[in-house]
Q: 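This is the structure, below, for whatever I ask next.
Heavy-atom basis, side chains included; hydrogens, waters and symmetry copies ignored. Protein chains get the first letters and strands the later ones, always in sequence-line order, with residue 1 at the start of each.
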There are 2 protein chains.
Amino acid sequence: MTKKISNSEKLFHCPVEATLSQIGGKYKMIILCHLIHDGTLRYNELQKYIPQATAKMLTQQLKELEHDGIIHRKVYPVVPPKTEYSLTERGKTLTDIIHSMRDWGRKYMAGSFEE
Amino acid sequence: MTKKISNSEKLFHCPVEATLSQIGGKYKMIILCHLIHDGTLRYNELQKYIPQATAKMLTQQLKELEHDGIIHRKVYPVVPPKTEYSLTERGKTLTDIIHSMRDWGRKYMAGSFEE
DNA sequence: CCGTATCCCTGGAGATACTG
DNA sequence: CAGTATCTCCAGGGATACGG
């Protein structure tokens with residue numbers, strides 16, 4: 001059992017670094033992109049959207065986002081299991097960033113992603 | 001001598017991934033942040049701003065950004081050498097993204113970076 | 001379905017030394 | 001000053017198998 005997870009009390013040299021400490025993880029911005037678009041997503045829906053991430057990676061990134069108060073994890077005690085991920089209020093404040101990234105990709109990387 | 005450098009012709013699952021393929025590198029957004037703020041910076045000025053990046057890493061990230069047409073590298077043939085980095089027109093289109101990240105950091109990570 | 005636990009390997013990245 | 005060239009290491013992350 002390791003503690004780790006996240007860098008509170010670390011000092012950064014500029015605000016962008018501080019932001020990256022929260023959403024700079026390998027798949028975090030992509031996760032946020034889909035959550036912003038769809039509102040709520042189940043674990044396996046996220047897997048479908050982000051097939052390049054293994055289950056281990058996806059789980060880890062989700063855990064960190066939850067730990068940092070960016071997303072909310074709701075487990076339904078049913079069989080088979082059901083887990084839903086959604087943005088917290090803090091998470092919703094990241095919408096501007098993700099939207100500007102999405103818009104830039106559409107405009108300047110057109111044709112390099114599936115429409 | 002390896003070719004590598006950059007992922008043209010790769011297909012992404014969403015526009016955010018495409019954007020990240022250009023500026024997702026470890027220090028790229030931080031480099032851009034400073035170039036947007038200062039306009040033009042010399043190599044050693046960037047080193048001062050980003051001390052956690054080694055010379056090798058800084059050079060590599062700058063090369064990739066140049067290769068992707070995001071920054072411009074101007075070498076002055078003087079002694080001692082002088083090299084200036086600045087944003088290309090394409091690079092300037094990333095201003096929205098970096099500014100929204102900077103603003104978010106200031107607002108929601110206040111106190112975690114040197115003012 | 002929604003994850004965890006292990007094993008394992010590679011390439012990302014640091015340290016160091018050197019050059020035009 | 002502005003980089004390059006090597007060597008090295010370890011931890012980020014993939015593959016696989018299993019558990020509630």
Side-chain angles (χ1 to χ4, degrees), chain A residues 1-7 10 13 17 20-31 34-35 38 40-68 71-86, chain B residues 1-7 10 13 17 20-31 34-35 38 40-68 71-86:
Chain A
M1 200 53 173
T2 50
K3 270 269 178 90
K4 203 177 169 185
I5 291 195
S6 202
N7 16 19
K10 192 183 282 188
H13 304 283
E17 284 182 50
L20 286 172
S21 75
Q22 301 270 297
I23 60 170
K26 193 166 189 184
Y27 302 112
K28 288 183 183 176
M29 301 199 201
I30 303 173
I31 291 170
H34 291 295
L35 283 180
D38 292 2
T40 296
L41 285 170
R42 298 181 60 168
Y43 184 83
N44 70 337
E45 292 177 315
L46 283 165
Q47 275 195 315
K48 294 270 168 57
Y49 280 136
I50 316 171
Q52 70 271 35
T54 60
K56 186 178 105 178
M57 274 295 102
L58 186 57
T59 302
Q60 179 204 105
Q61 301 280 297
L62 288 168
K63 276 229 172 81
E64 292 183 12
L65 287 171
E66 187 192 4
H67 175 270
D68 287 333
I71 65 172
H72 178 67
R73 179 171 178 267
K74 180 164 189 180
V75 180
Y76 295 86
V78 297
V79 186
K82 178 179 173 180
T83 309
E84 282 184 347
Y85 293 93
S86 57
Chain B
M1 201 55 172
T2 48
K3 270 271 178 92
K4 204 176 168 184
I5 291 193
S6 201
N7 16 18
K10 191 183 282 185
H13 303 283
E17 285 182 49
L20 285 172
S21 74
Q22 301 270 296
I23 60 170
K26 191 165 188 186
Y27 301 111
K28 288 183 183 176
M29 300 197 201
I30 302 172
I31 292 170
H34 291 294
L35 283 180
D38 292 2
T40 297
L41 285 170
R42 298 181 60 169
Y43 183 84
N44 71 336
E45 293 177 317
L46 283 165
Q47 274 195 315
K48 294 270 168 57
Y49 281 136
I50 316 171
Q52 70 270 34
T54 60
K56 185 180 104 176
M57 272 296 101
L58 186 57
T59 302
Q60 180 203 105
Q61 301 281 297
L62 288 168
K63 274 229 173 79
E64 291 182 14
L65 286 170
E66 187 192 4
H67 175 269
D68 287 334
I71 65 173
H72 177 67
R73 179 171 178 266
K74 179 165 189 181
V75 180
Y76 295 86
V78 296
V79 186
K82 178 178 172 179
T83 309
E84 283 184 347
Y85 293 91
S86 57

Q: Answer yes or no: side-chain N or O of B:Lys26 and base N or O of C:dG12 forming a donor-acceptor pair under 3.5 Å.
A: no
Q: Contact class for A:Lys82 vs. all strands (heavy atom < 4.0 Å): base, sugar-phosphate, or nothing?
A: sugar-phosphate
Q: To the side chain of B:Pro80, which of C:dC2, D:dC1, C:dG14 is closest?
A: D:dC1
Q: Within the 4.0 Å heavy-atom criterion, would you say B:Tyr76 contacts the bases, only the backbone, or no part of the nucleic acid?
A: nothing
Q: Both A:Arg73 and B:Thr54 contact DNA chain C. Taking the nearest nucleotide for each, which residue is further toward the 5' end?
A: A:Arg73
Q: For B:Pro81, report the nucleic acid contact type (base, sugar-phosphate, nothing); a contact means any heavy atom under 4.0 Å.
A: base
Q: Taking the side chain of B:Lys56 as its heavy atoms from C-beta onward, which of C:dG3, D:dG13, C:dA13 lies nearest to it?
A: C:dA13
Q: Between the side chain of B:Tyr76 and the main-chain N/O of B:Glu84, is any donor-acceptor distance below 3.5 Å?
A: no
Q: For the side chain of A:Thr83, counting heavy atoms from C-beta on, which of C:dG14, D:dC1, C:dC2 is nearest?
A: C:dC2
Q: Less than 4.5 Å apart, side chain to side chain, heavy atoms only: is that true for B:Glu66 and B:Tyr85?
A: no
Q: Which one, D:dG3, D:dA2, D:dT6, comes nearest to the side chain of B:Asn44?
A: D:dA2
Q: How are the rings of A:His34 and A:Tyr49 set to each other: parallel, tilted or perpendicular (split at 30° and 60°)?
A: parallel
Q: The side chain of B:Arg42 is closest to which nucleotide in this list: D:dC1, D:dG20, C:dG3?
A: D:dC1
Q: Contact between A:Leu46 and A:Gln61 at the side-chain level, heavy atoms closer than 4.5 Å - yes or no?
A: no
Q: If you only use heavy atoms from C-beta on, which nucleotide in C:dG3, C:dC1, D:dT4 is closest to the side chain of A:Thr59?
A: C:dG3
